[in-house]
Amino acid sequence: MRKILRGEFFNRPTLKVARELLGKFLVRKQGRKMVALMITDVEAYIGHRDRASHASRGKTARNALMFGQAGYWYIYFTYGMHWMLNIVTEGNGYPAAILIRGVQNISGPARITKFLKIDKKLNGKSALRVSGLWIEDRGVKVASRMIKKGKRVGVDYAGEWKNRPWRFFINSLV
DNA sequence: ACGATGATGAAC
DNA sequence: TTCATCATCGTA
């Protein structure tokens, strides 16, 4: 079993999508080279009131993708050197996205994009077809007892929103 | 604990 | 146009 996730998968409540992204495969293709890595850690950014989200200060040129259709990549540059990879969720007009924070053998959102050579060239591209970057279900089931949740990382500025348990990750397998 | 390093958004 | 901030990471 090996299928690309479709628009209907992403156009749903973000927390549900986030949980279900664990165990799916992020697939990167550049020419003949193809790499697939299982997603192990994600964070949800939901709605216009979530102060940790770029969308909390309204629609801008940078964050406009978050307000758009589900299933598109939202990739932005931060700290002067890092690219962050997000997939847009929920319906058109409602700002939400999921940060891909970890994949197998790679922890940290900036390390993923560095390893897979992901930058602004993929920003706004569709994740729903075979192109440069998409997500596949390869039949891996992650038992719910293996899924942990916690606070999002690096959002201490977000007031009460910093405490929302909107990070989901697979308990370290050993 | 802190510096790297530059785009972004808000203030002026 | 200027300025503080930032969904981080490597080094210490």
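These numbers come from the heavy atoms of this one structure, side chains and all, not from hydrogens, waters or symmetry mates.
- Not one side-chain nitrogen or oxygen of A:T78 sits closer than 4.0 Å to the OP1 or OP2 atom of C:dT8.
- Under a 3.5 Å cut-off, the side chain of A:T113 and the backbone N or O of A:W83 do form a donor-acceptor pair.
- Following rounding to the nearest Å, A:R57 (CZ) and C:dC6 (P) show an atom-to-atom distance of 7 Å.
- Within a 6.0 Å sphere centred on OH of A:Y94, heavy atoms belonging to other residues, nucleotides or ligands number more than 12.
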Q: Any chance you could lay out the side chain to side chain donor-acceptor pair (under 3.5 Å) test for A:Q104 and A:T40, step after step, and finish with the verdict?
A: CA-CA 6 Å; A:Q104 58 183 138; A:T40 57; over 6 Å; no

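- Following rounding to the nearest Å, A:Y76 (OH) and B:dA7 (P) show an atom-to-atom distance of 16 Å.
- Under the side chain to side chain contact (heavy atoms under 4.5 Å, CB included) rule, A:R164 has a single partner from A:E43, A:R152, A:K149, which is A:R152.
- For A:R111, the salt bridge (charged side-chain N to carboxylate O under 4.0 Å, His left out) criterion is met by no residue, not counting sequence neighbours.
- Take the nearest nucleotide of DNA chain C for A:A110 and for A:G80: the residue whose nucleotide is more 5' is A:G80.
- Near-neighbour residues of DNA chain B inside residues 44-54 of chain A, defined by a heavy atom below 4.0 Å, are absent.
- Nucleotide B:dT5 holds its C1' atom 7 Å from the CZ atom of A:F77, rounded to whole Å.
- Rounded to an integer number of Å, the gap from CG of A:N163 to C1' of C:dA7 is 16 Å.
- When rounded to the nearest whole Å, the span between CZ of A:F115 and C1' of C:dG10 equals 18 Å.
- Nucleic acid contact for A:M81: base, since at least one base atom lies under 4.0 Å from a heavy atom of the residue.
- Stem regions for DNA chain B, each three or more consecutive Watson-Crick or G-U pairs with both distances under 3.5 Å and listed by first number, read B:1-4 with C:8-11, B:6-11 with C:1-6.
- A salt bridge links A:E20 to A:R12: one of the charged nitrogens lies within less than 4.0 Å of a carboxylate oxygen.
- Residue-level contact check: A:Y79 touches the bases, meaning some heavy atom is under 4.0 Å from a base atom.
- A:W73 and A:L122 get closest at one heavy-atom pair: CB-O, 3.7 Å.
- Distance noted for atom P between C:dT2 and B:dT5: 22 Å (whole Å).
- Straight-line distance from the CD1 atom of A:I100 to the P atom of C:dA7: 17 Å, rounded to whole Å.
- Scanning both residues, A:L99 and A:M84, for their nearest heavy atoms gives CD1-CB, 4.0 Å.
- Atom-to-atom, CG of A:N123 to P of B:dT8 comes out at 10 Å; the value is rounded to the nearest Å.
- A straight line from CH2 of A:W83 to P of B:dT5 spans 16 Å, rounded to a whole angstrom.
- The aromatic rings of A:Y74 and A:Y76 sit tilted relative to each other, their planes meeting at an angle between 30° and 60°.
- Within 4.0 Å of A:R62, counting heavy atoms only, lie sugar-phosphate atoms of the nucleic acid but no base atom.
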